[in-house]
Protein chains: 2
Amino acid sequence: MTKSSRSGLQQKRVTLRDVADRAGVSETTASHVMTGRRYVAEATQQRVLSVMEELKYRPNQVARSLRARSTSTVAFIVKDIANVSATTSIREAAALLRRRGFATTMVDSPDEGFSSGLLQQVVDRLPSGVIFFGQDPEPAAARLLRQASVPFVVGGLGAAHTGDWDIVYTDQAAAIRRITAVGLAHSQSRVCFIGGNWDDEGARTRLKGFTQAIEASRGALNSRDVQLVPYTVEGGRSAMANLLSDPPTLVVCGSDQIAIGAILKAQEAGLRIPQDIEVSGFDNVEASEIIRPSLTTIDARLAEQGMICAEMLLQRIELPESAAQRRELEPRVMERQSMRLSP
Amino acid sequence: MTKSSRSGLQQKRVTLRDVADRAGVSETTASHVMTGRRYVAEATQQRVLSVMEELKYRPNQVARSLRARSTSTVAFIVKDIANVSATTSIREAAALLRRRGFATTMVDSPDEGFSSGLLQQVVDRLPSGVIFFGQDPEPAAARLLRQASVPFVVGGLGAAHTGDWDIVYTDQAAAIRRITAVGLAHSQSRVCFIGGNWDDEGARTRLKGFTQAIEASRGALNSRDVQLVPYTVEGGRSAMANLLSDPPTLVVCGSDQIAIGAILKAQEAGLRIPQDIEVSGFDNVEASEIIRPSLTTIDARLAEQGMICAEMLLQRIELPESAAQRRELEPRVMERQSMRLSP
DNA sequence: TTGAAAGCGCTACCAT
DNA sequence: ATGGTAGCGCTTTCAA
């Protein structure tokens, strides 16, 4: 017993029972003092409160959750936690949720999707809601959540879609269309696109925007003007390497990473940006301001989308039956040096 | 009833009771089939399992947590979720923890620290453990956790320290000392340091490393050779602007952000890196490979630290009374173009 | 080899 | 204006 506190000593937590006993009231009343859900005489109230203070009482959230059948926790599901676009949005959402009494747990959705039962694990913990960010839930995932009556919203998307749930998105195809059209106006010859791989929905959306712009202005798109690579600097480099046999004058990229790789590769080959090749990116990552020339890009306003997701989810939790909302945000074009937008 | 399922329909979750009834066994046995904590006859076992499958039974984790008085959830506390150094470490830790059945919740510790009661909120949810990353817990925070018997570990530190708990760290002062000493060997005149503001512990540690190197080689440090600024590109720019009245030949920086700002500013002033000024950074962020010249910097191996934190925490959860561990990792010097390390 | 039953700490329905 | 008490869904003695 003289040994420094053994874990066996188990400082048993103070329970509501303890408080009630000490204050000479019933658990019921103590509970109502705490929650304020029922009138309690001023005097009793004070008494209970001071006992709570004295005993340093803290309600056991797990017990509350068991009764309430919900944990006041929101699961934020993203493809890759370490991805910048994910984290800025999470921060905003988490801050807002915390102010409303919700904890946020982050789930890094594995490459295999949810087949592994990961989502089931999430659901087993009875979250109050789920936010999917940057990816639409697969049908099976949506079904699972519906079945378990777990409200969810989806944000960070690149297009509206037909799912029967709340979404926040920017029209990424339109943004790419716009930037491509501007480029076409002052780029006379070869115009190319380097995008993310086909399995990513955002990548497909952006390619669609590019295709539309080309078709509207020049007719058919030549498939050798399109390169699909991983969303990495290395991907951008290798795509640009392929393109350099017949150097383009404008390269629209599906991500800043790719654009940066493309720029570096072109520069190594002795080409000047933007004089010889204009390049645009997508995301507005920090490095886009640092690279020289700085990168003209598109900002999908993910932080704002994160906040909006959180707000929408809270609404959905309160009114589970209201009609699904679709919120569109205008993507922001960031004009820098790698591509000029004025004629 | 033809209306699409109202939430009022409340598909009541399948409970262990339901399974037991259907399988004609007691709740006890059903429970033991699930947990495997007691022998159950092969036949009964099969019967119960198939009923579970049939009813799609899923154990209610909240109820389990209430009994177990712990949630198999780990809280990961960082200064700023959106910070790269935080997220790479979180990803590794979260992945490892998930494999061991733990969920991870992220807590963005506010500027005011935990005075706000945030940590208490975390504790109220009965986490199985807490990881502090990039900051030592304040004494009050440590006390609170100890009192609630919540195990915790601390990682991402810049130095060992005296706290009576598990830590993972790199010797950041030594790393800066080393890089400064190398620079001093081939930099004949003005050697400066641009670091983060004084309120950050890492910033103080790094400045100390610089000071020690200078004192070991040239005696006293001239205070006008040290600039303290926020950890941002802008901070680096303005610090370099101050220094340019008498251009340094070597600038050691407390972060890559700062170093990048410093490089950009110097280049705008017509100075060449590294010919006129050598510059080093700290962190090894992605942009350090992208900037030209690429940035020589120090990698504190945060992802590994994150994993180690997770491992240590799991050990601590199992053996709460074992002696505190101190794990030191060697920081990695990344030699790139902005400063050469060979003579 | 299996069950009955007592809780974990809280909330809310009935009472009075 | 306040209490008694029955659970929420699970685990775990104790008993058979």
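Scope of the values below: all heavy atoms of this structure, side chains included, with no hydrogens, waters or symmetry mates. In what follows, chains are A, B, ... by sequence order, proteins preceding strands, each numbered from 1.
- A:Arg64 comes within 4.0 angstrom of sugar-phosphate atoms only, judged by non-hydrogen atoms across all strands, and of no base.
- A distance of 7.0 Å separates CG of B:Leu157 from CD of B:Glu201, quoted to the nearest 0.5 Å.
- For the OP1/OP2 pair of C:dG3 and a distance below 4.0 Å, the side-chain nitrogens and oxygens of B:Thr29 include at least one atom meeting the criterion.
- In this structure, A:Val62 reaches neither bases nor backbone, as no heavy-atom distance under 4.0 Å exists between it and the strands shown.
- Between the P atom of C:dC8 and the CG atom of B:Asn60 lies a distance of 18 Å, rounded to the nearest Å.
- Nucleotide C:dG7 holds its C1' atom 16 Å from the CZ atom of B:Arg17, rounded to whole Å.
- For A:Arg58, the CZ atom is densely surrounded, since the number of other residues' heavy atoms within 6.0 Å is greater than 12.
- Interface remark: the B:Thr28 side chain does form a donor-acceptor pair with the D:dT12 base, using a distance-only criterion of under 3.5 Å.
- Between the side chains of B:Arg125 and A:Thr73, a donor-acceptor pair is found at a separation under 3.5 Å.
- In this model, the phosphate group of D:dG9 is not approached by any side-chain N or O of B:Thr15 to a distance below 4.0 Å at OP1 or OP2.
- The residue among B:Arg58 and B:Arg38 whose nearest nucleotide of DNA chain D is located toward the 5' end is B:Arg58.
- As a whole-Å value, the separation of B:Tyr39 OH from C:dG3 P is 14 Å.
- Mapped onto DNA chain C by nearest heavy atom, B:Thr44 and B:Leu66 fall at different nucleotides, with B:Thr44 at the one closer to the 5' end.
- Under the 4.5 Å side-chain criterion, counting only non-hydrogen atoms from C-beta, B:Thr29 is not in contact with B:His32.
- What separates CG of A:Asp21 from C1' of D:dG3 is a distance of 13 Å, to the nearest Å.
- Atom CZ in B:Arg67 sits roughly 10 Å away from atom P in C:dG9 (whole-Å rounding).
- Nearest-nucleotide assignment on DNA chain D puts the 5′-proximal partner with A:Arg69, out of B:His32 and A:Arg69.
- Nucleic acid contact for A:Ser65: none, since no nucleic acid atom lies under 4.0 Å from a heavy atom of the residue.
- Side-chain contact between A:Gln325 and A:Gln315: present, with at least one pair of heavy atoms (C-beta onward) separated by less than 4.5 Å.
- Straight-line distance from the CD atom of B:Gln61 to the C1' atom of C:dC8: 16 Å, rounded to whole Å.
- Between the CD atom of A:Gln45 and the C1' atom of D:dT2 there is a distance of 13 Å, given to the nearest Å.
- For the pair B:Glu27 CD and C:dG3 C1', the interatomic distance rounds to 11 Å; values are reported in whole Å.
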